[in-house]
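Inspection log for the structure reproduced underneath, given as structure tokens.
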Amino acid sequence: MLCYEKKKNALTVRLSGELDHSVVTAIRGELDSLIAQTGAKKLILDLKGLEFMDSSGIGLIIGRYKVMSRRGGSVAVSGTDARIDQLFRMAGIYQLVERLA
Amino acid sequence: MSVINEMRLDFEALPENEAFARLVISGFMLPLDPTMEEMADVKTAVSEAVTNAIVHGYGGGTGFVRLSASYDAAGEMQIRVVDHGRGIDDVARARQPFFTTSPGDDRSGMGFTVMESFMDGLDVESAPGRGTTVCMTKRIRLRDDAVPQRA
């Protein structure tokens, strides 16, 4: 179960623990049903609680960017540490997704 | 320089073993007293290689993945991830950023790029039907008092 909060049109979801291939399918399913249920126009992923992330996280973000784009919405990330930043820059994520402080 | 410590581990190609492989490699490199950053580099690269073996090598089928590693007194680590799965047709193409064989599946295609960026050396040997061997090198900067010695 993901921790989330909806304010106006923005859905904020906090991810925690380790984000790798073994958990990404479940997280993707939960995120997509939250997006559908809440009808949010903006998805904010708070990554502060993540202890580990590999390129599975990049795939998750790009996939959610596609989902939100199809709905006319957008994605933002917050709480990224230096390592996650490095991974996201490598993949050009910040051309698609806003980075919040 | 000669190897002063070595390990080998065979585990089933199951997603839950990705975290296990990361834990093992972190524990193995501890005597080198790595920084958090060096440890995270190695953990991430191993995670990518092991995930590739499970997802692409065996594609959900059964088989074993071997993780082996060694280091020398200068702090140079050699890490190998081997599977006996379906192999890669075109290694050069597979190593391109964003290349993925399963685009609908939210795979980023960044696995080899991440390994290459976080490690000091990456070599991939593969042939269709003959499995894949990923060899990675990482130089851990040794602090003065942390030089591991074999008696």
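Below, chain A is the first sequence line, B the second, and so on; all start at residue 1.
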>> Between Asp106(B) and Arg64(A), does any side-chain N to carboxylate O distance fall below 4.0 Å?
In response: yes
> At a heavy-atom separation under 4.5 Å, does Thr44(B) approach chain A through its side chain, its backbone, both, or neither?
Replying inline: both
>> Taking the six-membered ring for Trp, are Phe28(B) and Tyr71(B) closer than 6.0 Å centroid to centroid?
In response: yes
> Does any heavy atom of chain A fall under 4.5 Å from the side chain of Ala19(B), the backbone, both, or neither of them?
Replying inline: both
> So which part of Leu60(A) gets closer than 4.5 Å to some heavy atom of chain B, the side chain, the backbone, both or neither?
Replying inline: backbone
> Can you find a pair of side-chain heavy atoms, one from Arg66(B) and one from His84(B), that are under 4.5 Å apart?
Replying inline: no
>> Could you tell me if Arg22(B) sits above the aromatic ring of Phe52(A), with its cationic atom closer than 6.0 Å to the ring centre and no more than 45 degrees from the axis?
In response: yes
>> If I measure from the heavy atoms of chain A, does Val55(B) come under 4.5 Å with its side chain, its backbone, both, or neither?
In response: side chain
> By a 4.5 Å heavy-atom criterion (distance strictly below it), what part of Asn17(B) contacts chain A: side chain, backbone, both, or neither?
Replying inline: neither
> Per the side-chain contact (heavy atoms from CB on, under 4.5 Å) rule, which among Ile79(B), Val46(B), Thr137(B) passes with Met119(B)?
Replying inline: Ile79(B)
